[in-house]
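Structure first, then comments.
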Amino acid sequence: MMAETLLDFMALSADATSVDALCRLFEQYAETLGVEAIGYQILPSPFEASDADNQFEYNTFPDLMKDAYLSERLFEHDPVTSRAAMALHPQFWFEVEQTTPITRYSQRIFDLLRESGFVDGLTSPIFGPAGLAAYVACGRFSGPFELSEMDCRCLQHACNELYVHTLKLQKRKALTPPNLSEREVEVLHWLARGKSNAVIADILGISPHTIDTVMRRAFTKLGASNRIAAVLKALRTGLITL
């Protein structure tokens, strides 16, 4: 039986016996929505010491793109995944290029996509038991996507099903996040909304000096060196939400 509908994929994925078979089922369903290449990437845990190079669970991108993305560590500069992490919904690649400040590293990503023959693509964030945990990138060579709002929702739901069943097959368990105090979580909550230390101090009715102390304590527990890293780690583990 082919996974030609979302319901087909959901039913068949529950019986998949390997991640590769599961990904092929997802690929069958994604093809019905016009997807012509897939890159499925599970992120390392933010609380696990790892030198992982962000390898892909499944990748049908052209070799030019996938080899450079890993060997040049372009995943460290990918504005699409960064935007998806903060927006919490699928992001179209070339729309991000037009609306995000571009560095020479991120421009390299978009140039490689075009050199590889892509004319459109989107990246969907996946939410798991420990927050944001993975991405699925879907690309097209033959023309732009023509997806309805319902198509996008179904595709994102299928991405989440893909991730959930991958975890079951690999018997992965999310690491327990550090134990932050209620005040530390409150400060991170407002940091995620772009508030300055002075504004957060006014909101919480405490001094800016105390805010700075709480922030530094939270950063240490999270293993983060700056505000953005701390917020992303807190979001990924479900300590805070947007």
Side-chain angles (χ1 to χ4, degrees), residues 1-45 52-67 69-70 75 78 80-81 83-85 87-93 96 109 113 116-174 236:
M1 181 176 178
M2 300 285 287
E4 297 179 345
T5 68
L6 177 58
L7 291 178
D8 289 341
F9 172 68
M10 292 174 65
L12 293 171
S13 62
D15 296 326
T17 57
S18 70
V19 173
D20 190 61
L22 176 64
C23 289
R24 288 198 300 272
L25 288 170
F26 175 81
E27 186 177 18
Q28 290 174 6
Y29 170 64
E31 285 175 352
T32 68
L33 298 175
V35 175
E36 296 171 342
I38 295 167
Y40 172 33
Q41 181 181 24
I42 295 181
L43 304 176
S45 165
D53 288 333
N54 285 36
Q55 296 293 328
F56 286 81
E57 301 297 319
Y58 194 75
N59 197 332
T60 64
F61 279 35
D63 289 342
L64 171 68
M65 182 69 220
K66 61 185 179 185
D67 291 347
Y69 193 77
L70 296 176
F75 51 82
D78 192 335
V80 181
T81 55
R83 174 77 70 84
L88 310 182
H89 57 77
Q91 296 294 304
F92 285 86
W93 302 340
V96 173
I109 294 173
L113 287 170
S116 299
F118 288 107
V119 298
D120 202 1
L122 61 85
T123 295
S124 178
I126 301 177
F127 306 90
L132 176 63
Y135 295 102
V136 176
C138 300
R140 273 183 64 80
F141 306 106
S142 58
F145 277 113
E146 296 181 358
L147 298 173
S148 66
E149 182 177 347
M150 182 58 70
D151 289 336
C152 287
R153 290 182 180 179
C154 288
L155 181 58
Q156 189 167 23
H157 186 77
C159 289
N160 279 274
E161 286 288 308
L162 171 66
Y163 172 69
V164 167
H165 289 295
T166 298
L167 291 188
K168 291 179 180 178
L169 287 167
Q170 296 181 338
K171 296 182 172 59
R172 294 197 188 197
K173 293 183 179 180
R236 282 182 56 189

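The nearest pair of heavy atoms linking P90 to P125 is N-CD, 3.8 Å. Contact between G139 and F118 at its shortest, heavy atoms only, is CA-CE2, 3.7 Å. The two residues C152 and L147 make their nearest non-hydrogen contact at SG-CB, 3.9 Å. The two residues V119 and P144 have their closest heavy-atom pair at CG2-N, 4.1 Å. The shortest heavy-atom contact between N160 and I126 is OD1-CG2, 3.7 Å.
Under the side chain to side chain donor-acceptor pair (under 3.5 Å) criterion, D120 pairs with no residue, sequence neighbours left out. Listed by chain and number, the residues in a ring pair (Phe, Tyr, Trp, His ring centres under 6.0 Å) with F145 amount to none (sequence neighbours excluded). In this view, Y29 satisfies the ring pair (Phe, Tyr, Trp, His ring centres under 6.0 Å) rule with no residue, not counting sequence neighbours. Among residues two or more places apart in sequence or in another chain, the ring pair (Phe, Tyr, Trp, His ring centres under 6.0 Å) test is passed with Y40 by none. H89 pairs by the side chain to side chain donor-acceptor pair (under 3.5 Å) definition with Q91, not counting sequence neighbours. In this view, E31 satisfies the side chain to side chain donor-acceptor pair (under 3.5 Å) rule with no residue, not counting sequence neighbours. Considering only residues two or more places apart in sequence or on other chains, N59 meets the side-chain contact (heavy atoms from CB on, under 4.5 Å) condition with F56, F61, K66.
Applying side chain to side chain contact (heavy atoms under 4.5 Å, CB included) to W93 and the options I109, D78, L113 leaves one that passes, L113. F26 pairs in a side chain to side chain contact (heavy atoms under 4.5 Å, CB included) with only one of the listed residues (T166, L12, V136), which is V136.
Sorted by first and then second residue, the salt bridge (Lys or Arg N to Asp or Glu O under 4.0 Å) pairs with a member in residues 137-148 read E36-R140; sequence neighbours excluded. Sequence neighbours left out, not one pair with a member in residues 158-169 passes salt bridge (Lys or Arg N to Asp or Glu O under 4.0 Å). Applying the salt bridge (Lys or Arg N to Asp or Glu O under 4.0 Å) test to pairs two or more places apart or on separate chains, those with a residue in residues 8-27 are D20-R24.
One finds the CD atom of Q156 at 10.5 Å from the SG atom of C138 (value rounded to the nearest 0.5 Å). Going from atom CE of M10 over to atom NE2 of H157 covers 3.5 Å, rounded to the nearest 0.5 Å. From Y69, atom OH reaches atom CD of Q41 across 5.0 Å, with rounding to the nearest 0.5 Å.
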Does the pair S18 and L169 meet the rule for a side-chain contact (heavy atoms from CB on, under 4.5 Å), with working shown?
CA-CA 7 Å; S18 70; L169 287 167; 5.7 Å; no

Starting from the C-alpha separation in whole Å, work towards a yes-or-no answer on side-chain contact (heavy atoms from CB on, under 4.5 Å) for F92 and V96.
CA-CA 6 Å; F92 285 86; V96 173; over 6 Å; no

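For the pair Q170 and E57, the minimum side-chain heavy-atom distance is below 4.5 Å. Residues L162 and L25 are not in side-chain contact: their nearest non-hydrogen atoms beyond the backbone lie 4.5 Å or more apart.
Using modelled atom types, no side-chain atom of Y135 and backbone atom of T123 make a donor-acceptor pair closer than 3.5 Å. The closest donor-acceptor contact from the side chain of T60 to the backbone of I38 lies under 3.5 Å.
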